[in-house]
Amino acid sequence: MAGGLFALLDDIAVLAKAAAASADDVAAAAGRASVKATGVIVDDTAVTPRYVEGLSPKRELPIIKKIAIGSLRNKFFFILPAALLLSQFLPQALTPLLMIGGTYLCFEGAEKIWERVSGHSEDAADQAHEEGKVADEDEITSGAIRTDFILSAEIMVISLNEVADEGFVSRLAILAVVAVLITTLVYGVVAAIVKMDDVGLHLSEQSGVRAPIGRGLVAAMPKLLSTLSVVGIAAMTWVGGHILLVGLDDLSKEYGWSILHQPYSWVHHAEEWVHDATGPLGGILGWVTNTVGSAILGLVVGAVVVAIMHVIPRKGGHGKHEATEPAVADEKH
């Protein structure tokens, strides 16, 4: 009896060690997968702060919390199940779906650029302020979650590609860890960025060396948020273009359509030429070349979609901006 008990305890110990090793493997694989998606994570972090610009400071963290919850909902309820099922049963559908998302990002980035160049967004904001309109938090949150959906899908698919050789259960566990890790990282950093001016204001009221540091933070934050807004717009164009670039190359390999390979080939050859011609700086400048090439493609595709969306007449004679502008809405009386 005692021998049987010791054998059972020994078996339990073996199973516990195996479980611990599996947990370590999942954590390590999740870390590797997250690193591969770093570029899109940075883009997601840069894009989000622009959604709380101009809002009451008291509403910034609640809105970021709503967006973070929406991001987790995107990942766990939609992206993760769809990615796993498609990778298991219909892997060829992942690339076209990602390209649709990439096109949407290109459109978002190009539209924001068009608004800034045309001055439409500024005019709308000024008019809304004069008419006593206020920011509609539901519209802001839903717009941010829509954009997050595309970026989250890209992050999860990149991560999935890194663990494609794992079993179904392992992939599920790894991607679940990646989803929580990345969402916590992105929105933790975003929350810190948007509340840094409050920290600076608090420090400015203190004595000693903390006061000038606080005043410096308060003065720097509007410029930082404005810069992040520009970076976010550029990031949407770059990431969208890169998704399309790689997607076209994948489709050319899968279906033998060599013409689809050309954009990727041009950018790749330019990247290699810059890399070989610039010596020690080749790695950085080669990456910059690839990024610029992706952004150019994204801007071209986005501009075409923007042109189409603004040419198509709206029902009732309303323009697109009147229908979709998320920044303002009539105040409810």
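Numbers here are sequence positions counted from 1.
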Task: Cluster link V239 to L185, ILVMFWY, side chain under 4.5 Å - done: yes

Task: Distance (rounded to the nearest 0.5 Å) between E271 CD and S294 OG - done: 8.5 Å

Open item on the list: A side-chain contact here means heavy atoms from C-beta on lying under 4.5 Å apart; do I113 and L299 qualify?
Closed with: yes

Open item on the list: A side-chain contact here means heavy atoms from C-beta on lying under 4.5 Å apart; do K65 and Y187 qualify?
Closed with: no

Task: Shortest non-hydrogen contact between G293 and V267, atoms and distance - done: CA-CG2, 4.1 Å

Open item on the list: Applying side chain to side chain contact (heavy atoms under 4.5 Å, CB included) to R116 and I233, what does each step give before you reach the verdict?
Closed with: CA-CA 11 Å; R116 293 196 173 203; I233 292 171; 3.6 Å; yes

Task: Which residues share a ring pair (Phe, Tyr, Trp, His ring centres under 6.0 Å) with W273, sequence neighbours left out - done: none

- [ ] Determine the interplanar angle of the Y264 and H268 rings, folded into 0 to 90°, and report it as parallel if under 30°, tilted if 30 to 60°, perpendicular if over 60°.
- [x] parallel

Task: Check: N74 side chain, I145 main-chain N or O, donor-acceptor pair, under 3.5 Å - done: yes

Task: Contact check, side chains of L172 and L80, non-hydrogen atoms, under 4.5 Å - done: yes

- [ ] Check the side chains of D148 and S71 for a donor-acceptor pair under 3.5 angstrom, ignoring hydrogens and angles.
- [x] yes

Task: Counterpart residues, ring pair (Phe, Tyr, Trp, His ring centres under 6.0 Å), relative to H275 (two or more places apart) - done: none

TODO: Could you tell me whether the side chain of L248 reaches within less than 4.5 Å of the side chain of H261, counting heavy atoms only?
DONE: no

- [ ] Measure the spacing between CD1 of I193 and CD of E60 and express it to the nearest 0.5 Å.
- [x] 12.0 Å

- [ ] Compute whether any side-chain donor of one residue and acceptor of the other, for T141 and K66, lie under 3.5 angstrom apart.
- [x] no

Open item on the list: For V304 and I308: C-alpha separation, side-chain torsions, deciding distance, then whether side chain to side chain contact (heavy atoms under 4.5 Å, CB included) applies.
Closed with: CA-CA 6 Å; V304 170; I308 293 172; 4.0 Å; yes

Task: Distance, nearest 0.5 Å, that separates CE of M156 from NZ of K75 - done: 7.5 Å

TODO: Could you pull out the closest heavy-atom pair between G200 and V218, with the gap in Å?
DONE: C-CG2, 3.5 Å

Open item on the list: If hydrophobic clusters are built from ILVMFWY residues whose side chains come within less than 4.5 Å, do V301 and W257 share one?
Closed with: yes

Task: Spatial distance of atom CD1 (I243) from atom CG (L97) [nearest 0.5 Å] - done: 12.0 Å

Open item on the list: I'd like to know if W266 and V292 are part of one continuous hydrophobic network [Ile/Leu/Val/Met/Phe/Trp/Tyr, side-chain heavy atoms within less than 4.5 Å].
Closed with: no

Task: Cluster check V288, I296: I/L/V/M/F/W/Y, side chain < 4.5 angstrom - done: yes

Open item on the list: If I take atom CH2 from residue W114 and atom CZ from residue F107, how far apart are they, to the nearest 0.5 angstrom?
Closed with: 10.5 Å

- [ ] Walk me through it: do E111 and V305 pass the test side chain to side chain contact (heavy atoms under 4.5 Å, CB included)?
- [x] CA-CA 9 Å; E111 185 181 48; V305 179; over 6 Å; no

Open item on the list: Quick one, L203 and R215 - any side-chain contact, counting heavy atoms below 4.5 Å?
Closed with: no

Open item on the list: Please tell me whether R210 and S204 have a donor and an acceptor in their side chains that are separated by less than 3.5 angstrom.
Closed with: no

Task: Minimum heavy-atom distance between A93 and L86, given as atom pair plus value - done: CB-CD2, 4.1 Å

- [ ] Quick one: do T237 and E108 satisfy side chain to side chain contact (heavy atoms under 4.5 Å, CB included)? Show the steps, please.
- [x] CA-CA 8 Å; T237 308; E108 280 265 293; over 6 Å; no

Open item on the list: Would you say that more than 12 heavy atoms from the other residues, nucleotides or ligands in this model lie under 6.0 Å from the CD1 of I284, or not?
Closed with: no

Task: For the student: nearest non-hydrogen atoms of S252 and L260, plus distance - done: CB-CB, 3.9 Å

Open item on the list: So H242 and T291, do their side chains get closer than 4.5 Å, heavy atoms only?
Closed with: no

Open item on the list: How long is the straight-line distance from CG of D276 back to CG of L285, given to the nearest 0.5 Å?
Closed with: 12.0 Å

Task: D250 and Y255 side chains, donor-acceptor separation under 3.5 Å - done: no

- [ ] Answer yes or no: does atom CD1 of I259 have more than 12 heavy-atom neighbours from other residues, nucleotides or ligands under 6.0 Å?
- [x] no

Open item on the list: Is there a path of hydrophobic side-chain contacts, each under 4.5 Å between heavy atoms, that joins V190 and L217?
Closed with: yes

Open item on the list: On a heavy-atom basis, which atom in L105 and which in G240 lie closest, and how many Å separate them?
Closed with: CB-CA, 4.0 Å

Task: Test item: T183 side-chain N/O and V180 main-chain N/O as donor-acceptor pair under 3.5 Å - done: no

TODO: Determine the minimum heavy-atom distance between I79 and A153, stating which atoms define it.
DONE: CD1-N, 3.5 Å

